[in-house]
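Worksheet: the structure to be examined is printed underneath.
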Amino acid sequence: MMLSPQLHKILAVAFFLLPFCAQGTFAGFLPFKHFFGGGTNKQQIPDPVPVAGNENGDTVQLEHRISRLEGVLRLNKMITESGGKIFATNGKKANFDTTLEKCKEAGGSIATPRSPGENDAILYFVKYFNTYAYLGIKQSLIPGKFQLLNGAQPSYTNWYSNEPSGKGEEECVEMYTDGTWNDKKCNKNHLIVCQF
Ligand code: MMA
Ligand code: CA
């Protein structure tokens, strides 16, 4: 059976977050090492009654598993959600190109806010780690004009006052800790935040 897009998404997030769980270095962020470390008091939660050899039954099982995994990720504040997107960070920093790579490797893409709600969902991590993050918005061929990575015109922006200011010298966009945006060179070490 094909993996549903929803399960695919959740698995991508889970694998993206995995190294960061194993590390257990983010005090307070991951108060559940026992979930991944083969803890001793594993609780058995029964699956719904199986429907033998039935595709619909398989789907019910998958949905049940996904909703439990989502519950874990939400409970531990490892994901934020808005506009049907899931946002996540591994708590690490990288320049713009490496951020693109890491997000792609994880089955997602760099966080790209399309609304105040999505901006807030990204801002949650920027505040938590007190570290700016690059967004999936880049200068177009016209200096000082910015576009989404697919070349589309952003319908939502949240520039800090008097930004963008780079006049062609700052091709990337960073999010400040108040959620506003600044055009910036692409070689800074910023928090990796992806969308799935
Ligand atoms: C820095 C740099 C720019 C930003 C200004 C705002 C001096 O340059 O971060 O991208 O626009 O600060 O003062
Ligand atoms: Ca700037």
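Whatever order the structure lists them in is the order used to number ligands and atoms, beginning at 1. No hydrogens, no waters, no symmetry mates; every other heavy atom, side chains included, goes into these values.
- Of the protein's non-hydrogen atoms, the one nearest atom 1 (C) of ligand 1 is Lys184 NZ, 4.3 Å.
- Between Phe146 and Trp159, the distance from one ring center to the other falls under 6.0 angstrom.
- Using a 4.0 Å cut-off to heavy atoms of Asp183, the atoms of ligand 1 that qualify are 10 (O).
- In this structure, the ring of Tyr156 has its center less than 6.0 angstrom from the ring center of Trp181.
- Note that CD1 of Ile79 and CG of Leu73 are 4.5 Å apart. Values are rounded to the nearest 0.5 Å.
- The distance from atom SG of Cys103 to atom CZ of Phe196, rounded to the nearest 0.5 Å, is 6.0 Å.
- Checked against the Ca ion (ligand 2), the N, O or S atom of Glu170 at the shortest distance is OE1.
- Nearest protein neighbour of atom 13 (O) of ligand 1, counting heavy atoms only, is Glu163 OE2, 4.7 Å.
- Residue Glu174 has no nitrogen or oxygen atom sitting less than 3.5 Å from a nitrogen or oxygen atom of ligand 1, judged on distance alone.
- Within ligand 1, the atoms closer than 4.0 Å to a non-hydrogen atom of Glu170 are 2 (C), 3 (C), 10 (O), numbered from 1 in the order shown.
- Atom OE1 is the N, O or S atom of Glu163 at the shortest distance from the Ca ion (ligand 2).
- Not a single protein heavy atom sits closer than 4.0 Å to atom 8 (O) of ligand 1.
- A centroid separation of less than 6.0 Å is found between the aromatic rings of Tyr176 and Tyr132.
- When Glu163, Lys185, His190 are each tested for a side chain to side chain contact (heavy atoms under 4.5 Å, CB included) with Glu174, only one passes: His190.
- Draw a line from the Ca ion (ligand 2) to OD1 of Asp183 and another to OG of Ser165, and the angle between them is 90° (to 10°).
- Using a cutoff of 4.0 Å between basic side-chain nitrogens and carboxylate oxygens, Lys85 and Glu81 are not scored as salt-bridged.
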